[in-house]
Visitor: 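Take a look at this one; I'll ask things after.
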Amino acid sequence: MTRRPGLTGRLVIAQLLVVLAGLLTLAAVAFVIGPPLLRRHLRRAVGTASPQLSRHLEDAFLAAGGIALAIGTAAFLIAAVVTSVLLTRRMARPVRALADAAARLADGDYTARLDAPHLGSEFEALTGAFNTMADALESTERTRRRLLGDVAHELRTPLATIEAYLEGLADGVRTLDAHTLQVLGAQTTRLHRLVEDISLVSRAEEHRLTLARATVPAARLLEAAAAAVRPAYAAKGVDLRVTVAPRTPALEADVDRLVQVLVNLLTNALRHTPADGTVTLAAEPVGAGVMLSVADTGEGIAAEHLPHLFERFYRADPARDRAHGGSGIGLAIARALVHAHGGTITAHSAGPGLGAVFQISLPAANDGPGLQGSNVGG
Ligand SMILES: Nc1ncnc2c1ncn2[C@@H]1O[C@H](COP(=O)(O)OP(=O)(O)OP(=O)(O)O)[C@@H](O)[C@H]1O
Ligand SMILES: [Mg+2]
C-alpha cells in the first residue's frame, strides 16, 4: 500500500507550488523582461554607451537579480515549511482528539466529549455536532439499560410466583385446586399482558402500527370508553361524568386505539381516586382541533414525577403502584398511540391531594361537524 502524504506534507506541497509560481514569475521579470528594459533606459540616459559599459551594467543587473532570487527562494522555502508545520500541529490536535473520542464511544465509553478547539467556525461546528451525537448516544444507552432492567424486574415477580406454585405441586405441598389454578392463570395473564404492552409501545414508537382510521364523533369515543370502565367505577363508588362541549369537531381516529388510551387514563384515575371522588371525561374544541381530558379529584401527582409519567415502567410510587397491579406502561402506550394519531398528551396536577388532569390534543377530521379550519399537528 502506498503511503499518502499527511496534512503537513500536503500543506508544504501546496505552499511550494505557490513559491514555484512566484519564482518563475520573478525569474521571467529579472532575466527576460529586465535586460531589454535596462538597455532602453541606458540608451535614453547616455545615448550609445560603450559595449564595455553596457556589458558591465547588464552583468551587474543579472547578478543582482540572481542573488535576490536565491535569497528570496530560501526565505520563501523556510517560511512555507515553518508555517505548514505550525498550522498542521495546531489543526492536528483537535483532529486527533476527535479520533480518540470517537474510538472511546465505539468502545462503549459514552462520557467521551470534546473541548472547544478555538480554531474557527468549522472546527466549532464539528465539535458541537460530535458532542450532540455523544449526548444522544449516551441517553439512548441509558434508556436501553434501564429498559432491560425494568423488563427483567417486571418478569421476575410473576415468574417467581409461578415457580413457587409449581414446586409446591411437585413436592405435594399443594394440590391443583381452584385457588392454585386461579393464581397460575392470573400470573400467566400478567406476563402475557406485559409482553403485549411492550410490543404495542415498541410498534407504535417505531411507527409500525397501522391505524384503522375513520371519522368518529368525539361523543361516541367518550361513551365507548366510559362504558368499558363503568362497572369498576360503580364498584368503588367513584362518580364518572362525561361532558362534550357544543361544536366539538369529529376526529379522524382509530376508535379502538383511542378508546384504549381513554380507558388507560380512566383506569389510572379510578386507581388514584378514593371512593366518593369524581372523575370527569370531557371533550371540547381547541383551535382547529379537539381536546379530550380526564380529570380526577384523587391523590394528585407531585411535580417531580410529572415529566416522567409517560416513560415506560415509570411509577410515582413503585411499591404501591405495583401492588395495585400496574406495571407503569399504560401511559407510555397512551402517549405512543396519541402520537401515532398526530396528537399530544400532557399531565397536570397542582400537587399531592389535589387531583390530576390528563389532556389529549388531537387534530380534527377535515369534514368534522362544527369545523371550519384544517388539521392541526401536535
Ligand atoms: N390519575 C392519576 N393520579 C395520580 N397518579 C397517577 C395518575 N395516573 C397515573 N399516575 C401515576 O403515573 C404512573 C404511571 O401510570 P401508568 O398508567 O403508566 O402505569 P400504571 O397505571 O402504574 O401501570 P399500568 O397502566 O401499566 O397498569 C402510575 O404508576 C401513577 O404513579
Ligand atoms: Mg395505568
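In listed order, ligands and their atoms are each counted from 1.
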Visitor: List every atom of ligand 1 that sits less than 4.0 Å from any heavy atom of Arg193, numbering the atoms from 1 in the order shown and giving each element.
Guide: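 Every atom of ligand 1 under 4.0 Å from some heavy atom of Arg193: 24 (P), 26 (O), 27 (O).
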Visitor: Is the shortest distance from a heavy atom of Gly328 to ligand 1 less than 4.0 Å?
Guide: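 Contact present.
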Visitor: For Asn264, is the nearest heavy atom under 4.0 Å from an atom of ligand 1?
Guide: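 Contact absent.
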Visitor: List every atom of ligand 1 that sits less than 4.0 Å from any heavy atom of Gly300, numbering the atoms from 1 in the order shown and giving each element.
Guide: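 Answer for ligand 1: 4 (C).
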Visitor: Have a look at Leu16 and tell me which of Val12, Ile13, Val18 forms a side-chain contact (heavy atoms from CB on, under 4.5 Å) with it.
Guide: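 Going through the options one by one, the only one that passes is Val12.
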Visitor: Under a 4.0 angstrom heavy-atom cut-off, which atoms of ligand 1 come close to Arg315?
Guide: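 Once the distances to Arg315 are compared, the set is 22 (O), 29 (O).
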Visitor: Could you tell me whether Arg113 and Glu138 make a salt bridge, using a distance below 4.0 angstrom between a side-chain N and a carboxylate O?
Guide: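 Judged by the 4.0 Å cut-off on N to carboxylate O distance, Arg113 and Glu138 do form a salt bridge.
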Visitor: Residue-level breakdown please: for Asp296 versus ligand 1, do any non-hydrogen atoms fall below 4.0 Å on the side chain, on the backbone, on both, or on neither?
Guide: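 Looking at Asp296 and ligand 1, just side chain atoms fall under 4.0 Å.
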Visitor: Are Arg241 and Asp239 close enough for a salt bridge, meaning some N to O gap below 4.0 Å?
Guide: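 Answer for the salt bridge query: yes.
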Visitor: Are Arg146 and Asp150 ion-paired here, with the side-chain N under 4.0 Å from a carboxylate O?
Guide: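 Counted as a salt bridge, because a side-chain N and a carboxylate O are separated by less than 4.0 Å.
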Visitor: Examine Asn268 and say whether one of its N/O/S atoms is closer to the Mg ion (ligand 2) than 2.8 Å.
Guide: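 Given the 2.8 Å cut-off, Asn268 counts as a ligand of the Mg ion (ligand 2).
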Visitor: Check whether the side chains of Thr215 and Glu252 place a donor and an acceptor atom closer than 3.5 Å, and report yes or no.
Guide: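 The answer is yes; a qualifying pair exists.
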Visitor: One thing to verify: whether Arg39 and Glu58 come together as a salt bridge, which I'm taking to mean a side-chain N less than 4.0 angstrom from a carboxylate O.
Guide: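 Yes, Glu58 and Arg39 are salt-bridged.
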Visitor: May I ask you to identify, for Leu331, whether its side chain, its backbone, both or neither come under 4.0 Å of ligand 1 on a heavy-atom basis?
Guide: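 Answer for Leu331: both.
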Visitor: May I have all residue pairs that pass salt bridge (charged side-chain N to carboxylate O under 4.0 Å, His left out) and include part of residues 210-226, sequence neighbours excluded?
Guide: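 Those involving residues 210-226 do not exist here.
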Visitor: Would you say His305 touches ligand 1, if touching means a heavy atom closer than 4.0 Å?
Guide: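 Distance cut 4.0 Å: His305 fails for ligand 1.
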Visitor: Using heavy atoms and a 4.0 Å limit, tell me yes or no: is Phe310 in contact with ligand 1?
Guide: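 Flag not set, Phe310 not near ligand 1.
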Visitor: Of all the heavy atoms in Ala334, does at least one lie under 4.0 Å from an atom in ligand 1?
Guide: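 Ala334: no contact with ligand 1 (<4.0 Å).
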Visitor: Heavy atom under 4.0 Å from ligand 1: found in Tyr314's side chain, backbone, both, or neither?
Guide: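 Backbone only.
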